[in-house]
Enquirer: 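Pasting a structure here, questions to come.
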There are 2 protein chains.
Amino acid sequence: MSAQRTSGRRPKGESLTREAVVREAVRILDESGERGLTVRALAERLRTGAGSIYWHVNNRDALLDLACDTILSECESGEADVDGDELDAIRSLALSLLDTLDQHPWIGLHLPRSTGVPSAMRLLDRIGTLLASYGVPADRQFFVATAIFTYVLGVAAQMTRSALTVAATHTRDEWLAERSARLAELDPQIYPFLHGVAAQLRTHDDREQFVTGLDLLLAGIRSQWDSVP
Amino acid sequence: MSAQRTSGRRPKGESLTREAVVREAVRILDESGERGLTVRALAERLRTGAGSIYWHVNNRDALLDLACDTILSECESGEADVDGDELDAIRSLALSLLDTLDQHPWIGLHLPRSTGVPSAMRLLDRIGTLLASYGVPADRQFFVATAIFTYVLGVAAQMTRSALTVAATHTRDEWLAERSARLAELDPQIYPFLHGVAAQLRTHDDREQFVTGLDLLLAGIRSQWDSVP
DNA sequence: ACCTGAACACCGTTCAAGT
DNA sequence: ACCTGAACACCGTTCAAGT
């Protein structure tokens, strides 16, 4: 069916679009990470020359921005209704964002380096709006919104690291066991804490870890500002 | 005095050391960011050939790890005494860590991609130890420690972005004004929140922003677990 | 033990020339 | 308007050969 990777030129008339370029870039990023995305590799998979890419996209960085933006846009639309207050809504927004970032690990590493991703700003905006209506004082809303957003991105970036190493080793369980073993090997003199907790990290769940920190932030908000209905 | 950048070979007998290589790498990173650090540029400043670098360091990634590690090691040693409980100690540790990351903005962007930075692990260990002695339950200590550490790195990475843009524009005030203006220009239909807060961001202070989120995390910890003395 | 310098296999980006 | 393909100016890394 798909003549995707066969070389030979693409049929005439059927011209490339910016969307098609970005879509294929996302596929490469999912398969082989940021390092796998080279202009030449992308061009080859689109059965065209490297130069063509630059007709549709300014440069490689812009391409990464666009790739992030398309994925995050999908995440935006799927906002479920929540019963509970605004902080519960933020919680569920953050969780679905984490799921998205988990499926496309390259986003968490690229977003901190970039400014040009509108959908990321819209997500930040959404969090800020929710905080405002919850009752966080006006002069704190932006700081708190950014803190939450930063936390989500930070955890996502960290998860990426494991995702890449898992891919390199065999299964996720194997990787967890190996990491736990490596921590246990640490000199308890220098790493008393990490050496000690090594055992429980055999069953470490990224999502559970994420929720712990997120709920601390939300608990902090609740303890500092009561809801204004 | 310094014949630093003059070309010509380095005197014999005076052989390069791994420390000297890393020290010069840090200088380049401080001056021109991660992209500025190329093996060739580094070799030239050390008045040697590109190949020599690989005698002292495995590869470019290892060099970045080492650069991060030397800087974070310095941060580690300068731990001030604090009056207050363990959470106050964490707070001051986080603040001094942020200062370090602020002076070397490339660290915040590289650390999430890396695993091989011992001093970063020691800092995480320190946070965990403090949480344990504060009284966070054993099965939460690691998650909470990671949440705090992730938050610090995340904010640092974000600050880096502004640091780089500030360097590109003129002064910090100009940059703040410009960013505030850009936010004000946003379509209030799509970005109701960000459009609204644009004005107060003219005096936005990274450190104040950082403290806001950090204190929320700490308040969350206090509200969930009372200190066990 | 430590360095040299050339070579290899790549990059992103540009641009005249084509259709 | 959209694409081609060669060229430019770089990369990181390796490695025989030197001292």
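By convention in this document, chain letters (A, B, ...) are assigned in the order of the sequence lines, proteins followed by strands, and residues within each chain are numbered from 1.
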Enquirer: Can you tell me how far P of C:dT4 sits from CD of B:Glu44, to the nearest Å?
Expert: 13 Å
Enquirer: Rounded to the nearest angstrom, tell me the gap between atom NE2 in B:His56 and atom P in C:dC2.
Expert: 7 Å
Enquirer: May I ask you to say whether B:Arg140 pairs ionically with A:Glu208, meaning some side-chain N is under 4.0 Å from a carboxylate O?
Expert: yes
Enquirer: Let me spell it out: for each of A:Gly51 and B:Ala50, pick the nucleotide of DNA chain C with the closest heavy atom. Which residue's pick is nearer the 5' end?
Expert: B:Ala50
Enquirer: Using whole Å, report how far CG of B:Leu63 lies from P of D:dC11.
Expert: 15 Å
Enquirer: Which whole-number value in Å describes the distance from A:Arg60 CZ to D:dC10 P?
Expert: 19 Å
Enquirer: With both distances under 3.5 angstrom, what nucleotide forms a Watson-Crick or G-U wobble pair with C:dC3?
Expert: none
Enquirer: Which one, D:dT4, D:dC11, C:dC3, comes nearest to the side chain of A:Thr48?
Expert: D:dT4
Enquirer: State the pairing partner of C:dG12; accept Watson-Crick or G-U wobble contacts with both distances under 3.5 Å, and report none otherwise.
Expert: D:dC8
Enquirer: Pick base, sugar-phosphate or nothing for A:Ile53, based on heavy-atom distances below 4.0 Å to the nucleic acid.
Expert: nothing
Enquirer: Taking the six-membered ring for Trp, is the centroid-to-centroid distance between B:Tyr151 and B:Phe210 below 6.0 Å?
Expert: yes
Enquirer: Provide, to the nearest angstrom, the distance between the CZ atom belonging to A:Arg40 and the C1' atom belonging to D:dT4.
Expert: 14 Å
Enquirer: Quick one: are A:Arg23 and A:Thr70 in side-chain contact, heavy atoms under 4.5 Å?
Expert: no
Enquirer: Can you tell which of C:dC2, D:dC11, C:dG12 lies closest to the side chain of B:Ser15?
Expert: C:dC2
Enquirer: How many Å lie between CG on A:Leu16 and P on D:dC2, as a whole number?
Expert: 10 Å
Enquirer: A:Leu42 near the nucleic acid: base, sugar-phosphate alone, or nothing, with a heavy-atom cut-off under 4.0 Å?
Expert: nothing
Enquirer: What integer distance in Å separates A:Trp55:CH2 from C:dG12:C1'?
Expert: 19 Å
Enquirer: Is B:Ser52 touching bases, backbone alone, or none of the nucleic acid, heavy atoms closer than 4.0 Å?
Expert: base
Enquirer: How far does CD of A:Glu76 sit from CG of A:Leu93, to the nearest 0.5 angstrom?
Expert: 9.0 Å
Enquirer: Quickly work out the A:Asn58 CG to C:dT14 C1' distance and round it to whole Å.
Expert: 13 Å
Enquirer: Does the pair A:Glu185/A:Arg182 count as a salt bridge with the N-to-O cut at 4.0 Å?
Expert: no
